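To keep things clear, I will list the structure first and then write my remarks on it.
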Amino acid sequence: MEKAFDPSLIEKDLYAQWEAQGCFKPSGTGDPYCIMIPPPNVTGSLHMGHAFNNTIMDALVRYHRMKGHDTLWQVGTDHAGIATQMLVERKLEGQGVSRHDLGRDAFIDKVWDWKAESGGNITGQLRRLGSSVDWSRERFTMDEDLSRAVQEVFVQLHQEGLIYRGKRLVNWDPVLKTAVSDLEVENEEENGHIWHLRYPLSDGSGELVVATTRPETMLGDQAVAVHPEDERYAALVGKTITLPLVGREIPIIADDYVDPEFGTGCVKITPAHDFNDYEMGKRHDLPMLNVLNDDASINVHAPEKYQGMDRFEARKAIVADFEAAGLLVEVKDHRLPVPRGDRSGAVLEPYLTDQWYVAVAELAKPAIEAVENGDIEFVPKQWENTYFAWMRDLQDWCISRQLWWGHRIPAWYDEAGNVYVGRSEAEVRQQNDLGDRVLTQDNDVLDTWFSSALWTFSTLGWPDETPELAKFHPTDVLVTGFDIIFFWVARMIMMTLKFRGEVPFKKVYVHGLVRDGEGKKMSKSKGNVLDPIDLIDGIDLETLVQKRTGNMMQPQMAKKIEKATRKEFPDGIDAFGTDALRFTFAAMASTGRDINFNLERVAGYRNFCNKLWNATRFVLMNVEGADLTQTEELKPSLVDRWIVSRLQAVEAEVERAFANLRLDMAAQAIYEFIWNEYCDWYLELTKPVLNGEASEAEKAATRRTLMAVLEAALRLAHPIMPFITEEIWQTVAPRLAQGGDSISQAPYPQAESGKIDPEADAAVAWLKSTVVAVRTIRGEMNIPPSKKLTVLLNAGDAQDRELATTCETWLKSLAGVAELSWLDGAEAPVSSMGVVGEMEVLVPMAGLIDAEAEIARLSKEVTRLEGDIQRTESKLSNEKFVSKAPAEVVDKEKAKLADAKATLDRLQAQVVKLNTL
RNA sequence: GGGUCCGUAGCUCAGUUGGUUAGAGCGCCACGUUGACAUCGUGGAGGUCGGCAGUUCGAAUCUGCCCGGACCCA
């Protein structure tokens, strides 16, 4: 084995082996266990969120597979309508071609080409993470099978009246020229203005002043509204004003919606360009006049002067014209929420169009109940509140998109504009008896989330009743970030309950977002993005700077980002390997909070991998040539029994952690066991046995225990760090005659209560305390490790005597002790002292220790003990504590007090003695 | 405006039904290269658990208010 662990030498080969051996396919035996991957964008690339998300899923999947479950991790990718279309359009733009130049079919071909070219990127990166997905079952949301499911769902919902077509206001993205759903709108407060405009009464008797943040919409105004009880305007209701610049005569109406306190109490009403105004327009039967084109330029319904102007250009022109006409009262700075598209970043417009909607009220009801009655459980639980709040206030879901890339809506129109919905044009013709009437299919495609809402069952073969569907659905747990609870999780629950009559998953594990070290969201524009692959393979500074500053939307940020990057990573990023990265994510995956990712932590777990690697080298070196398969004639020592006992404890702890989806606790337990118990203590304790005068039976037992515990620890750690554990296991397991091609197929370690050994636990606890007592003196007195000590034991009971005899070799070896003996009533030489229970551990000072320093050291300890004693005494003298606290707690306090007092006495006596020198 | 979460050592975070000497990693200080590992070992320093009240024999943990920060919805 190499002296240091080098992940780059093993990872790729091992993954290829696993895949070739079919390790990730369901075994066909045991209870089913299934996780559905949240399908990443097919043309996307892996970011830290994916890496976190997949680490959690893979750990769970590998754990359950090793536990003997029939485990399926279903993999696949999403066609990501808008995102993918935008990307391909931008690429074409670079060649000077627009999608309209190509036409629909040719453009879609281009997208498929791009998918073929780049679609392997994300799946390759999933492999780099070690994700044990079943690649033989890989699906894509636009596959024929999945498209069939989409169509089926659409048609059935339409038949039941739960999908309908309607003309109403939608959020319109004028850059992408498509409708988007409410969820795709991001409202952010921005600096703007509010304009007060004068609207003259038609009869010339006066004017009203209205306030608006979007003056250009006045071109579509259909009324001015006031509050019905607003006395200032009561007399005007029913009169009309003449709309400036336009000349249209529009009524003054009264409506409760108007807030008389806000502005002047008069509101201009533009039903076709504002959601509130739209509702009011319907109440008052106002005309809906659309004054915008689909790119948000002014259309032909406005006065000619403004036609063709962009909306913001028109805004300026209109304000100028109001001012020129003396109709502008004032302009004020104003903070206002601005709706932007989450993909394009463009300011959205409420826009009157025909769209397809899902009526969600009826679907939401059972979806709420499923969570209320516990069929679906969110972890952590508080997300259920978020879910309920959203589900109880759902608006119908706009599912049509004016894009080309996606599932085309299965609806056809005849020349009279009648709509027919069906699985195909032929079916539509036949069912509606249309003969050879000319039909054209709806041009729109479905929202991407429509197909991903079906993911848990469409990937398993629905609408066919496949064996996989019967076996693996409902799935066990959905692992996801909270950012897509509404987009995806809620919709999956609704659709699955509707079409399967069962929940899509029993649990939803909601994890946090991966942020940068300072807690800021990672984004290209901030230049703080880390690429998980760079953490695995490493990256030099120049390449990293290039990556972060190249191809920026705002090139002016590049300098700043470059500077920050050079400062943060002066030497680039080390190659930490996949296992270290995964261990970091696992260790930080505590109860759903965001994680601030810091590299020091990854480096720490890289070191942990190296520790495990080197411990293995030590073990293998010590068992070279030995037969480890015979288990008779072995004489396990106390410490052999102890480490086996500890192994049971950690196995139980890890099991508990996995059951509660607490990967951080599992990781922590594994880390502590391997490093702090197995390496720091056990390996050190085997040295005097293997290199000393122990019998062959004792040595053989120790060799076997070294290997057996290592082998079990590898299996224990495998779900979190699959590569290094596999690599080592393939060497270790055969030596123990434990077969199998892969650790991923080996059984998960299971605690056996019979192997818990209280006697060994107590003995080693004593040994450790005694060793530490000597080491503390050595450390604090700056005695170099090379200086072997004489140690005297004093006081103590029969058990201390027995343990001192049993543990002598270990004690001497670990504490660097040359001579160990009992004082047996003799006058103690001047010594530095430690106390273990009733026993004094004395290191004679002659030439080694400065009395002053020792007095200071002991005095500090005395002060601490006195504080402890005082606190405990006051507790115990409190009658209420003694009478009300459980006896167990009281006894514990009493024991603590006695112990502290005894120790204090010894230390004080020692201080007195040293002072008399 | 409604809601959620967070505030524990210099930094990043654990702390499961209230009872621990409040922990870990990194960083810091000292000593150290005895053949697993300097990607290391040993020892040490460092916290009135954001603040104030309250419940309780007992509060980092439960309740209320306040301060500070993040996010979601409107």
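Every chain is numbered from 1, with letters handed out A, B, ... down the list of sequences. Note that these values count all heavy atoms, side chains included, but never hydrogens, waters or copies made by symmetry. Values in this document were obtained by computation on a predicted structure and should not be read as measured data.
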Report task. Give one of base, sugar-phosphate or nothing for A:Ala615, where a contact means two heavy atoms less than 4.0 Å apart. Result -> base

Query raised in the report: Hey, does the side chain of A:Glu186 reach the backbone of A:Asp342 with a donor-acceptor pair shorter than 3.5 angstrom?
Result: no

Query raised in the report: What is the distance, rounded to the nearest whole Å, between atom CD1 of A:Ile670 and atom P of B:G25?
Result: 17 Å

Query raised in the report: In whole angstrom, what separates A:Arg606's CZ from B:G25's P?
Result: 16 Å

Requested in this report: Answer yes or no: is there a donor N or O on one side and an acceptor on the other, between the side chain of A:Arg515 and the main chain of A:Asp594, under 3.5 Å?
Outcome: no

Query raised in the report: Given the P atoms of B:U16 and B:U61, what is the spacing between them in whole Å?
Result: 11 Å

Requested in this report: Can you tell me the distance, in whole Å, between the CD atom of A:Glu653 and the C1' atom of B:U16?
Outcome: 12 Å

Report task. Sticking with atom P, work out how far B:G27 lies from B:G35, rounded to a whole angstrom. Result -> 25 Å

Requested in this report: Give one of base, sugar-phosphate or nothing for A:Phe597, where a contact means two heavy atoms less than 4.0 Å apart.
Outcome: nothing

Query raised in the report: For nucleotides 1-6 of chain B, read 5' to 3', which letter fits each nucleotide if B means a protein heavy atom sits under 4.0 Å from the base, S means only the sugar-phosphate is that close, and - means neither?
Result: ----SS

Report summary line: The Watson-Crick or G-U wobble partner of B:U33, with both key distances under 3.5 Å, is none

Query - Mate of B:C13 where both pairing distances stay under 3.5 Å, Watson-Crick or G-U - result: B:G23

Query raised in the report: Expressed in whole Å, how much space separates the P atoms belonging to B:C31 and B:A24?
Result: 23 Å

Query raised in the report: Under 3.5 Å, is there an N or O donor on one side and an acceptor on the other linking the side chain of A:Glu684 and the base of B:A36?
Result: yes

**Report entry** A:Asp640 side-chain N/O to A:Thr705 backbone N/O, donor-acceptor pair under 3.5 Å
**Finding:** no

Requested in this report: Searching all strands shown, indicate the nucleotide that pairs with B:G64 (Watson-Crick or G-U wobble; both distances under 3.5 Å).
Outcome: B:C52

Query raised in the report: Have A:Glu866 and A:Thr863 got a donor and an acceptor in their side chains that come within less than 3.5 Å?
Result: no

Query - Counterpart base for B:C28, defined by Watson-Crick or G-U wobble contacts under 3.5 Å - result: B:G44

Requested in this report: Please give the nucleotide sitting opposite B:G18 as a Watson-Crick or G-U wobble pair, both distances under 3.5 Å, or none.
Outcome: none

Report task. Quickly work out the A:Asn660 CG to B:U16 P distance and round it to whole Å. Result -> 12 Å

Query - For B:U4, the Watson-Crick or wobble counterpart (both distances under 3.5 Å) - result: B:A70

Query - Separation between the P atoms of B:A22 and B:U55, rounded to whole Å - result: 25 Å

Query raised in the report: Now, which nucleotide makes the Watson-Crick or G-U wobble pair with B:U39, with each of the two distances under 3.5 Å?
Result: none

Query raised in the report: For residues A:Glu672 and A:Gln668, is any side-chain donor paired with an opposing acceptor at under 3.5 Å?
Result: yes

Report task. Go through the N and O atoms of the side chain of A:Arg656 and the base of B:U16, and report whether any donor-acceptor pair is under 3.5 Å. Result -> no

